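What follows is a set of notes on a single structure, which appears directly below.
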Amino acid sequence: MAYKATLGDQTYTISVHELDEHQYKIVIDAEEHIIDGRQLTGHMYSLIVENKSFTVDVAEKDDEYTVAYEGKSFQVGVLDERKARRGGAGADLGGAGEKEVCSMMPGKVVELLVQAGDAVEKDQGVIIIEAMKMENEIRAAVAGTVKAVHVEAGQAVESGELLIELE
Amino acid sequence: MAYKATLGDQTYTISVHELDEHQYKIVIDAEEHIIDGRQLTGHMYSLIVENKSFTVDVAEKDDEYTVAYEGKSFQVGVLDERKARRGGAGADLGGAGEKEVCSMMPGKVVELLVQAGDAVEKDQGVIIIEAMKMENEIRAAVAGTVKAVHVEAGQAVESGELLIELE
Amino acid sequence: MFKRVLIANRGEIAVRVIRACRELGIETVAVYSDADRSALHVQYADHAYPIGPAPSSESYLVIEKILDVAQQSGADAIHPGYGFLSERAPFSRACSEAGITFIGPQPEAIEKMGDKVTARAIMQEANVPVVPGTDVLGDENEVIAAAEKIGFPVMFKASAGGGGKGMRLVEKKEDALSALRGVRSEAQSSFGDDRMYMEKFVEKPRHVEVQVLGDMHGNIIHLYERECSLQRRHQKVIEESPSTAINQDVREQMGKVAVEAAKAVNYVGAGTVEFLVDAQQNFYFLEMNTRIQVEHPITELVTGVDLVKAQIEIATGEPLAIQQPAVQQRGWAIECRIYAEDPARDFFPSPGKIQILRTPGGYGVRDDSGVYEGWEVPIHYDPMISKLCAYGRTRDEAIQRMLRALQEYTVEGIITNIPFHRWALTHPRFVSGDLDTGFIPQEYRGLPEEEDHLRHEIILVAAALAAYHKDKELAQSVSSPQGSPGNVSAWRATGWREGVR
Amino acid sequence: MFKRVLIANRGEIAVRVIRACRELGIETVAVYSDADRSALHVQYADHAYPIGPAPSSESYLVIEKILDVAQQSGADAIHPGYGFLSERAPFSRACSEAGITFIGPQPEAIEKMGDKVTARAIMQEANVPVVPGTDVLGDENEVIAAAEKIGFPVMFKASAGGGGKGMRLVEKKEDALSALRGVRSEAQSSFGDDRMYMEKFVEKPRHVEVQVLGDMHGNIIHLYERECSLQRRHQKVIEESPSTAINQDVREQMGKVAVEAAKAVNYVGAGTVEFLVDAQQNFYFLEMNTRIQVEHPITELVTGVDLVKAQIEIATGEPLAIQQPAVQQRGWAIECRIYAEDPARDFFPSPGKIQILRTPGGYGVRDDSGVYEGWEVPIHYDPMISKLCAYGRTRDEAIQRMLRALQEYTVEGIITNIPFHRWALTHPRFVSGDLDTGFIPQEYRGLPEEEDHLRHEIILVAAALAAYHKDKELAQSVSSPQGSPGNVSAWRATGWREGVR
């Protein structure tokens with residue numbers, strides 16, 4: 001199988017060949033690796049690559065893979081080549097995302113620092129969310145004007161919930 | 001729902017009534033208990049019964065429940081009343097079981113101490129199985145004559161595998 | 001000994017106290033808010049009682065509810081842990097009035113030490129060195145005059161303050177008036193008390209505190225110091241014992257002074273006398289915490305004394321089981337507080353479901369956790385999920401062991417500050433012991449980018465293999481819809497991803 | 001310091017050594033048999049190499065394979081752990097010849113201590129007390145005559161024996177000839193060497209051993225004793241340090257004698273001098289183990305010295321980092337070996353898949369595990385899955401802490417001896433320290449039956465609730481076949497039950 005994988009701002013061409021039980025040849029942009037890969041339990045996998053031992057956790061959702069290794073998580077978009085040609089998920093989120101101020105965590109709205117119609121600068125604090133006894137100021141990623149405020153003070157919000165739209 | 005449950009050599013009549021989310025009334029042989037029961041994760045459950053807190057692990061297979069509590073495992077056969085009237089699983093294994101000598105663990109046959117036709121006494125060693133660097137003698141549960149030997153020295157055996165039949 | 005102890009707390013400290021009780025043969029009573037029905041401390045306790053909604057102001061902080069449960073459950077003592085009601089004199093008093101032993105100091109000691117100005121005065125009386133400063137100050141003119149007399153920089157402090165709230169550094173005269181207004185309004189809103197005083201600002205200060213234990217028979221001992229200079233927003237992040245800030249002479253002297261401080265309020269129970277230490281190893285009384293401290297485990301590791309058990313034994317009226325000469329520091333211990341927060345994004349909190357939890361083990365590693373795999377860390381309480389301690393014969397061994405333990409520690413589903421700890425413990429200033437309370441703001445500029453070719457390959461290999469198996473599984477399920485899913489490799493992971501951001 | 005160390009072992013000791021290496025900044029190389037590809041030590045190591053089929057005679061015991069991997073992987077040293085090749089002089093020699101450091105003593109010391117008769121002679125020469133006994137004996141007449149001279153009861157011992165094999169207690173003359181034949185044939189088949197000797201049988205013997213460390217510069221120190229009297233079939237089950245068998249005078253004397261014993265063979269590395277102690281606190285040299293011992297963690301807890309790190313440092317040629325006067329015992333430590341065996345059924349082995357594993361935490365608890373949740377414990381190796389240690393200021397505290405930790409320790413899928421440990425630690429003779437090596441056969445009559453009404457209720461409630469939810473789930477899936485299973489409570493448990501017997 002051949003895939004296009006995206007990690008950070010790089011895209012890689014990857015092919016996977018099953019050689020034997022638990023044995024794979026994986027070619028990443030022409031670089032070839034022979035892998036002994038085992039699922040140990042749940043999301044935990046052991047990979048032995050050229051006699052180096054790695055333990056990773058892998059989870060998948062909608063062609064986006066989260067790989068956790070040595071205390072850090074990495075997002076990898078993986079599409080098979082046909083999908084990749086059609087332009088599947090993971091391509092990009094479009095510029096629109098930056099104009100949407102979303103909550104970075106579940107919590108409670110403590111204070112709104114702007115209202116509809118206000119002009120905001122890049123990095124200006126627009127709303128304060130409290131979670132885990134800490135007040136956290138969320139800032140605008142771009143300059144603009146507040147188009148809509150979707151929450152009010154005291155309201156509980158989920159992680160990723162849209163709080164404020166800019167235009 | 002009403003059940004017949006078997007624990008050890010006792011049988012109990014149990015009924016379960018759902019009062020509210022996570023709240024249950026459970027009547028065991030006319031003794032009533034109000035339970036706050038939560039599944040914490042996988043097989044782990046928290047029960048609060050009359051303000052006493054218990055953490056148990058539960059697993060099920062074919063109406064047999066294994067409940068692990070404070071380092072000990074208990075087998076409970078649970079049948080709903082209709083099944084119980086029809087006489088379902090868990091009734092008993094019949095006397096036949098005692099005449100079958102099975103391996104108590106996966107391992108390797110080291111030595112056969114009897115052969116077909118031999119008379120054996122109750123508790124007489126009939127076969128030696130090695131597992132985990134230990135040789136373990138398996139004994140006959142009843143007196144009888146060896147009807148058949150199903151394994152040979154050097155052979156690997158699974159837990160529960162039939163080794164020797166008596167008659 | 002008590003028959004049954006109620007723990008008026010949650011999280012790791014509740015588990016810590018339950019463990020101590022269990023080892024003493026005492027039954028335990030947990031209390032839980034609606035957000036904590038499935039919390040670890042509820043599982044560990046023998047008894048468990050609900051006390052109301054998630055906000056602590058409606059549950060863990062409500063004295064009447066706690067006392068009601070104590071009476072219902074037949075508890076004969078209450079351990080308050082830290083935070084919540086642990087330093088509320090009215091609670092200590094209400095316990096006594098209800099005939100229930102409060103495992104902690106007498107209300108008078110809590111009150112005296114709880115008011116910073118009173119505490120300062122008592123300490124001066126007892127010849128405990130304090131930072132040059134003032135009593136409670138009145139109007140603006142008086143404040144300005146006092147500041148000029150002491151000399152800038154100075155600290156404005158709320159009289160009722162604590163935990164980093166109601167404090168402001170004033171570097172020069174022009175900033176004084178706005179700082180004064182700020183402190184007063186913060187003090188009023190946070191503590192309902194706008195009184196303030198002023199202290200000389202100690203430059204490059206180090207935070208060193210001394211653990212004390214006092215019994216009901218007038219014996220007070222100290223168990224040496226802990227250094228807690230690594231702080232962010234006045235919250236401690238990494239602590240160690242012994243401290244690299246002081247030499248053996250100062251250490252012994254500081255221990256004696258801490259005992260004098262505790263004696264000045266006839267202290268009973270476990271307490272901590274906090275000092276500021278300057279570059280010349282001068283030390284000044286800062287405040288006394290009249291409870292068990294978050295970072296008590298490192299003292300236990302270095303001295304071998306179980307402080308929570310000592311608290312309980314003291315509360316039963318027993319004399320101290322250990323005398324001062326028998327208290328010896330051996331080796332070195334470090335604590336890293338594991339917080340559910342994102343060190344790559346300004347330490348934003350990261351509550352949520354812990355999908356994977358693997359804790360480190362082996363020699364010299366101690367994990368005091370308040371969570372378990374599968375639990376959802378609630379948004380309502382502080383973000384500390386665990387305290388990881390490493391012990392070594394030397395400081396270097398303790399650091400290396402902690403790094404090894406951090407490497408073994410796996411938490412997925414929520415983000416933690418584990419990478420921050422690795423950064424801190426390998427920072428040349430930390431390694432050489434060159435710390436002060438400004439270390440993190442001065443040095444931390446986000447996590448270092450590790451551009452590692454091998455790492456990238458492993459990540460890509462893992463993702464590609466998982467994708468390959470997903471495709472294979474799909475293909476098989478299409479070609480044989482009746483096929484048992486058990487025959488297919490389960491590389492395809494589900495569920496955990498839900499919790500990943 | 002070494003750059004890369006190969007660990008010629010598996011299980012918890014391999015993990016233990018990997019941790020020590022990591023803390024020293026040394027890369028690690030694991031080796032694994034076909035049965036161990038997914039074992040914990042393979043995950044923990046930096047490098048991993050297969051070495052053949054599951055039986056250790058075809059993998060972990062094959063010197064050439066280990067040396068091949070060492071060379072391939074660029075390892076500059078090999079740590080043998082315990083068991084396997086750890087006490088094989090030819091292996092130590094082969095390492096030197098291959099230019100790879102063997103982390104352990106010189107082959108000569110292994111050889112001298114490996115042959116019981118030679119060791120005995122060397123010890124007598126060095127004025128180390130030995131149990132009255134003989135040299136290697138010849139024919140039957142010589143054996144009988146020797147036994148009568150020493151006086152029954154006597155022990156017949158294989159000259160090449162060890163680990164409980166090739167030993168027989170002979171109570172009276174009539175039993176001597178059949179015992180002799182038994183020992184000789186066992187010795188021949190187990191060690192390929194049927195030579196035997198004889199010792200006076202010490203009644204109610206206690207097994208007390210002293211840890212020693214020697215460097216390449218002639219320094220040898222001891223780290224006090226461990227008591228290992230709790231044995232079953234000559235396998236240790238529970239160990240503690242200090243020992244209740246001896247007073248402080250005897251303790252110091254025993255330490256000095258152990259150092260003399262090690263000096264007699266110019267010992268380099270970590271070793272253990274085992275003694276038998278009788279009721280009058282006379283102690284007799286038994287044997288010297290020329291490797292790290294399974295139960296080394298309790299010495300680490302009591303003395304604060306990392307013995308595996310010390311081994312590695314010694315092997316690099318460094319002088320001992322600690323001198324004798326600095327070695328002090330503080331507190332008390334107990335180790336319980338967690339075996340995959342069924343204490344209710346004559347300790348039958350219980351290999352299989354670990355479906356649930358929850359390990360204890362908190363102060364004074366150390367778990368050295370070789371397994372993880374989801375792993376299948378193989379049938380090919382010994383049944384020890386973990387070593388659980390508890391540390392306390394006093395013996396009583398250590399016992400209570402161990403009981404608390406055992407209560408927290410949950411293993412499902414396989415059966416373990418955890419309930420046995422609870423039985424032993426609460427036995428009045430254990431509590432009072434009245435032990436000898438016959439304790440288990442004398443006292444253990446199976447696990448006590450606990451007829452507990454409340455316990456039965458909880459078991460029934462849990463099973464009934466699970467059944468109720470299963471039925472509810474079934475009913476819902478029948479009425480709405482398209483319904484998402486995610487909406488249904490997942491009370492119904494699967495999978496784990498597979499592994500339950």
Side-chain angles (χ1 to χ4, degrees), chain C residues 12 15-16 18-25 40 43-44 296-297 300-310 321-322 326 328 330-332 358-369 372-373 386-394 396-405 407-408 495, chain D residues 12 15-16 18-25 40 43-44 296-297 300-310 321-322 326 328 330-332 358-369 372-373 386-394 396-405 407-408 486:
Chain C
E12 70 82 22
V15 172
R16 171 74 187 89
I18 290 169
R19 284 174 166 153
C21 289
R22 187 154 288 166
E23 293 173 17
L24 289 167
L40 193 63
Q43 293 174 51
Y44 271 57
H296 75 273
E300 295 181 326
L301 291 173
V302 169
T303 64
V305 177
D306 185 322
L307 293 169
V308 176
K309 266 188 208 165
I322 187 166
Q328 291 185 325
R330 186 172 80 178
W332 212 283
R358 292 194 294 270
T359 53
Y363 180 41
V365 173
R366 169 180 179 179
D367 187 39
D368 280 84
S369 177
Y372 59 91
E373 185 174 292
S386 161
K387 302 183 315 202
L388 180 63
C389 294
Y391 173 84
R393 205 166 58 78
T394 61
D396 180 57
E397 185 171 78
I399 292 175
Q400 295 307 319
R401 187 161 285 144
M402 180 61 91
L403 285 168
R404 187 270 290 173
Q407 191 177 350
E408 292 179 18
Chain D
E12 70 82 21
V15 173
R16 170 73 187 88
I18 290 169
R19 283 173 167 154
C21 289
R22 188 155 287 167
E23 293 172 17
L24 288 167
L40 192 64
Q43 294 174 50
Y44 271 56
H296 75 275
E300 296 181 326
L301 292 172
V302 169
T303 64
V305 176
D306 185 322
L307 294 170
V308 176
K309 265 187 212 166
I322 187 166
Q328 290 185 326
R330 185 171 82 178
W332 212 283
R358 293 194 293 272
T359 52
Y363 180 41
V365 173
R366 168 179 180 181
D367 187 39
D368 280 84
S369 178
Y372 59 93
E373 186 173 291
S386 160
K387 301 183 314 200
L388 179 63
C389 294
Y391 173 84
R393 206 167 58 77
T394 61
D396 180 57
E397 185 170 78
I399 292 174
Q400 295 307 318
R401 186 161 286 143
M402 180 61 90
L403 286 167
R404 187 269 290 173
Q407 192 177 348
E408 292 180 18

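The structure displayed is predicted, hence computed values, not measured ones. Each chain gets a letter, A, B and so on, in the order its sequence line appears, and its residues count up from 1.
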- Item | Per-residue contact mode, D/V305 against chain C (heavy atom under 4.5 angstrom) | both

- Message: With side-chain contact (heavy atoms from CB on, under 4.5 Å) as the criterion, how do C/V302 and C/R330 come out once you've worked through the C-alpha distance, each side chain's angles and the decisive distance to 0.1 Å?
- Response: CA-CA 5 Å; C/V302 169; C/R330 186 172 80 178; 5.6 Å; no

- Message: Any heavy-atom pair between the side chains of C/L301 and D/Y363 that's under 4.5 Å?
- Response: yes

- Query: Does any N or O in the side chain of C/R401 come within less than 3.5 Å of the main-chain N or O of C/Y391, such that one atom is a donor and the other an acceptor?
  - Reply: yes

- Message: Counting only non-hydrogen atoms closer than 4.5 Å, does C/A20 touch chain D with its backbone (N, CA, C, O), its side chain (CB onward), both, or neither?
- Response: neither

- Task: Return the minimal non-hydrogen interatomic distance between D/R393 and C/A321, and the atom names on each side.
- Result: NH2-CB, 3.4 Å

- Most heavy-atom pairs under 4.5 Å with chain C, out of D/R22, D/M402, D/Q328, belong to D/R22

- Engaged part of D/T394 at the chain C interface, taking heavy atoms whose separation is under 4.5 Å: neither

- For D/Y372, is it the side chain, the backbone, both, or neither that has a heavy atom closer than 4.5 Å to a heavy atom of chain C? neither

- Region of D/D306 in contact with chain C, defined by heavy-atom distances below 4.5 Å: both

- Task: Sort C/K387 into side chain, backbone, both or neither according to what part of it lies under 4.5 angstrom from a heavy atom of chain D.
- Result: neither

- Note on the structure: To the nearest 0.5 Å, atom CD1 of D/I399 lies from atom CZ of D/R404 at 15.0 Å

- Which of the residues D/R358, D/Q400, D/R366, D/E300 is involved in the greatest number of heavy-atom pairs with chain C at under 4.5 angstrom? D/R366

- Query: Does a donor on one side chain sit under 3.5 Å from an acceptor on the other, for C/S386 and C/D367?
  - Reply: yes

- Contact check, side chains of C/R16 and C/H296, non-hydrogen atoms, under 4.5 Å: yes

- Where on C/E12 is there a heavy atom nearer than 4.5 Å to chain D: the side chain, the backbone, both, or neither? neither

